[in-house]
Amino acid sequence: MSGDHSHSEDQVDGGSRFNDSHKHKDKYKEKEHKHKDHKKDKERDKSKHGNSDHKDSSDKKHRDKEKMKHKDGSTDKYKDKHKEKRKEEKMKSFDGKVKKEKENGFASPHVKSEPEDDIYHSPKHEKSLKRERDDDNDSEFKPKKIKTEIKTENDKRAKKRKPDEVRNNHEQKEFSIFSNILLKAQNEGTPEEPGRLKWEEERYTDGSKWKFLEHKGPVFAPPYEPLPSNVKFYYDGKHMKLSPGAEEVATFFAKMLDHEYTTKDIFRKNFFKDWRKEMTAEEKAKLTDLKKCDFSEMSDYFKAQSEARKAMTKDEKLKIKAENERLLQEYGFCIMDNHKERIANFRIEPPGLFRGRGDHPKMGMLKRRIRPQDIIINCSKDSEHPKPPPGTKWKEVRHDNKVTWLVSWTENIQGSIKYIMLNPSSRIKGEKDWQKYETARRLKKCVDRIRNQYREDWKSKEMRIRQRAVALYFIDKLALRAGNEKEEGETADTVGCCSLRVEHIKLYPENDGQEYVVEFDFLGKDSIRYYNKVPVEKRVFKNLQLFMENKEPDDDLFDRLNTSVLNKHLQELMDGLTAKVFRTYNASITLQQQLKELTSGEDNVPAKILSYNRANRAVAILCNHQRAPPKTFEKSMQNLQTKIDAKRGQLSDAKRDLKSAKADAKIRRDEKSKKTVETKKKAVQRIEEQLMKLEVQATDREENKQIALGTSKLNYLDPRISVAWCKKWGIPVEKIYNKTQREKFAWAIDMAEDDYEF
DNA sequence: GCACCAACTTAGCACCACTTCA
DNA sequence: TGAAGTGGTGCTAAGTTGGTGC
């Protein structure tokens, strides 16, 4: 494949790829189970494929294969542990209860038992901030090492991160230009504090991200407001007054009552388990069955509140807006290296029920309230430190300038760290973004060499090298994600390239008139289904057959490969190269090619924008960026069609009028009738333009039904390509990027000329 | 070599404010 | 003017990457 390889050509089923993706998530699940249930059938299939493929393989090849299998040491070097785990799961599945869970599409969740007397007191105003429960006791995740000596830990952290890559002169110079542009853009947008405006154009070479950082800390979720006494909860048909703690958690469930989540067994089970932890002993004894709980009055109350909010007077709404603006001004900005920067998420996530995506084993668990004593503040020593709410303390205040975050805390569901960071429009984020695209541009220069290399590696004597080469081919050709290994039972069962299992692909020596077709069917990030049928090169096909030999459906396809091995290899091929860079590179290069192909100079502005959206769409399809069709989709399409029909009627009327005006003018031959003809002509033109706009809108909307353009636009497409395209064709950049996007890509808007090449 | 973890990017969904239209 | 529709935005889950320590 060369730089201009076309993905769309390779996608046999490209056109209909997304039509059924969402509604078929469940079907997919069913299918997965069928795979397991019909293992024997699959085995037969496999041997069938195997037979046909072995027709042309000699005994020598078989001997080579055997040799290859053992050359790199013992088998299943990398993935033994995970494989074993899956096997264990399989064994467990014979146990009735677990088996039932699996049938429901959930892997056996890893649930740790908790002390029953661990009661969570729901907070009430200031008092609420003092909880009896110890953090470390209520978490579901494994306890992490407790850091005691701040200074030592800071030193360690500083050591941990390598200084940013040293640039060559050209890059340093370009970076300087970049900084100036970003400064200019930011200074136009935000007024600087007098005396604070002091920009350093040079980047820190010691790995520091900043020298000065000052902020006001986070905004906490508002305290829980107990329900009014007329809003009642019923158990088994009888009214029951809940304790504040139990009531708060109950409201989380009530607020989600209309959502599909609350119908899912695992969600209900997790919720009920965590809810019970918040109950008093008396409540715990009484409330034993979620099915008997009636949250409907609570649910109605919240719906009424929501309606009331909508029905507020203009003044009331303005008041709220002003208060939000005040909070934004106070907490939404920081000073980083004496420059005022917007903070992305200055509000702490409120408590609620965890909404994992796909078949997440932890969905429904209680996300606990974050308090000041959970919060780590990061700022510079010489700054004015943020103050915790009265009567509280921060967990820690640290001064680590090797990181970019301002605030962090550990969440209780997965035990992962959450951060408050800067807005994408900030210098620090913009610079990182720019670097990302520069790395992708460097890949462009050496991608042919890398492709030749992995093609050579398909013939390697070593299994691990062949696997690496085939995986890389998929990452490059199909823009698959790297695919880290995941802990089973902790998250939804999703995969990427390196973690693909045998059950995720099917091989067809011949399919729909094409040779060597691979069918992919798996759940990727966010449990979005990836379905694609792709013809591949013969060697890839043969290798896949080899990788699948003697394996169970739930065995790893690439058992000698993981992301770490792959990225190490990529690093050797190009400095800074990782699997992710291929996605950025292929997305950006595809946009550039598609724009060249689709844009016609003769088109008017709406037609050109349609071309842009189509190019954007090609990338979104490549990256498998899907969305659920909007709930109002069918209706809004219908409305649009009605408008189009009406406009068509209007057009034929106008044309008829024009015709008769022309005939009239022919007879009369006076100035007045000539003018009438001109007016009618203009009317026809105007209506034609309006009709065209509507038709373009309808096409665009229809094509976008299940495809999300925003993700690729924001994360994968070098904005300079879009800016250059706008400049070249005289399209206002506002037509392509909204305000937020223009702020994020301010650097590109100023930097790119109409001749920019990715 | 591997598990673990921190730090960051990428991702889709839900809601709300703004716009459009009858 | 109010209802309907939609794009923008915030939210937060879910990835990737790379360093550390055993």
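What you see is a predicted model, and the numbers here were worked out from it, not measured in a lab. The chains referred to below are lettered A, B, ... by the order of the sequence lines, with proteins before strands, and numbering in each begins at 1.
- Between A:H360 and A:F354, a ring centre-to-centre spacing shorter than 6.0 Å is recorded.
- One atom, CG of A:D258, and another, C1' of B:dC13, lie 16 Å apart when rounded to the nearest Å.
- Annotation: side chain to side chain contact (heavy atoms under 4.5 Å, CB included) contacts of A:K735 (sequence neighbours excluded): A:I609, A:I731, A:P732.
- For the pair A:E572 CD and C:dG18 P, the computed distance is 13 Å after rounding to whole Å.
- Across A:I428 and A:K209, no two heavy atoms sit closer than the pair CD1-O, 3.5 Å.
- Here C:dT12 presents its C1' atom at 13 Å from CD1 of A:I370, a figure rounded to the nearest Å.
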Quick one: which protein N/O atoms are closer than 3.5 Å to N/O atoms of nucleotides 7-9 of chain C? Pair and distance per line, please.
unit_1, atom_1, unit_2, atom_2, d
C:dT9, OP1, A:T740, OG1, 3.4
C:dT9, OP2, A:T740, OG1, 2.0
C:dT9, O5', A:T740, OG1, 3.4

Below 3.5 Å between N/O atoms, which protein atoms pair up with nucleotides 16-22 of chain B? Just atom names and distances, please.
unit_1, atom_1, unit_2, atom_2, d
B:dC18, OP1, A:K321, NZ, 3.2

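- Legend: residues meeting salt bridge (charged side-chain N to carboxylate O under 4.0 Å, His left out) with A:K303, ordered by chain and number and at least two apart, are A:D258.
- By the ring pair (Phe, Tyr, Trp, His ring centres under 6.0 Å) test, A:Y419 is found to be paired with A:W405, residues two or more places apart in sequence or in another chain being considered.
- Using a 4.0 Å cut-off, some side-chain N or O of A:H259 falls inside it from OP1 or OP2 of B:dA14.
- Atom NZ in A:K209 sits roughly 10 Å away from atom P in B:dA7 (whole-Å rounding).
- At a cut-off of 3.5 Å, with distance as the only test, a side-chain donor of A:N484 or A:T563 sits close to an acceptor on the other residue.
- Applying the side chain to side chain donor-acceptor pair (under 3.5 Å) test to A:T711 and every residue at least two apart in sequence or in another chain returns nothing.
- In this structure, the side chain to side chain donor-acceptor pair (under 3.5 Å) partners of A:K418, at least two apart in sequence or on a different chain, are A:E349.
- When the side chain to side chain donor-acceptor pair (under 3.5 Å) test is applied to A:R357, the partners found at least two apart in sequence or on another chain are A:D526.
- Taking the six-membered ring for Trp and the full ring otherwise, A:F520 and A:Y531 have centroids separated by 6.0 Å or more.
- DNA chain B lies under 4.0 Å from at least one heavy atom of each of the following residues of residues 708-718 of chain A: A:T711, A:N715, A:Y716.
- If you take CG of A:L523 and P of B:dA11, they are 16 Å apart, rounded to a whole angstrom.
- When heavy atoms are screened at a 4.0 angstrom cut-off, A:K429 is found touching the sugar-phosphate backbone but no base atom.
- Atom CG of A:L622 and atom P of B:dA11 are 11 Å apart (whole Å).
- Among the protein residues, A:P424 comes within range of no part of the nucleic acid, since none of its heavy atoms lies under 4.0 Å from any strand.
- Ring centers of A:Y331 and A:F346: at least 6.0 Å apart, outside the cut-off.
- Legend: residues meeting side chain to side chain donor-acceptor pair (under 3.5 Å) with A:Y301, ordered by chain and number and at least two apart, are A:Q305.
- Checking A:S712 against A:N616 by side-chain atom types alone, a donor-acceptor pair falls below 3.5 Å.
- Following rounding to the nearest Å, A:Q626 (CD) and B:dG12 (C1') show an atom-to-atom distance of 11 Å.
- Atom pair A:R464:CZ and B:dG1:C1' shows a separation of 13 Å (rounding to whole Å applied).
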Identify the pairs formed between an N or O of the protein and an N or O of nucleotides 13-17 of chain C at a distance under 3.5 Å, and give each distance.
unit_1, atom_1, unit_2, atom_2, d
C:dA13, OP1, A:K367, NZ, 3.1
C:dA13, OP2, A:K418, NZ, 2.4
C:dA14, OP1, A:R357, N, 2.6
C:dA14, OP2, A:H360, NE2, 3.4
C:dA14, O4', A:D526, OD1, 3.4
C:dG15, OP1, A:T494, OG1, 2.8
C:dG15, OP1, A:D526, N, 3.1
C:dG15, OP2, A:K486, NZ, 3.1
C:dT16, OP1, A:A482, N, 3.3
C:dT16, OP1, A:G483, N, 2.6
C:dT16, OP2, A:N484, N, 3.0
C:dT16, OP2, A:N484, ND2, 2.9
C:dT17, OP1, A:T578, OG1, 2.9
C:dT17, OP1, A:A579, N, 3.3
C:dT17, OP1, A:K580, N, 2.6
C:dT17, OP2, A:N567, ND2, 2.9

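- With sequence neighbours excluded, the residues satisfying side chain to side chain contact (heavy atoms under 4.5 Å, CB included) with A:A471 are A:C497, A:F558, A:L561.
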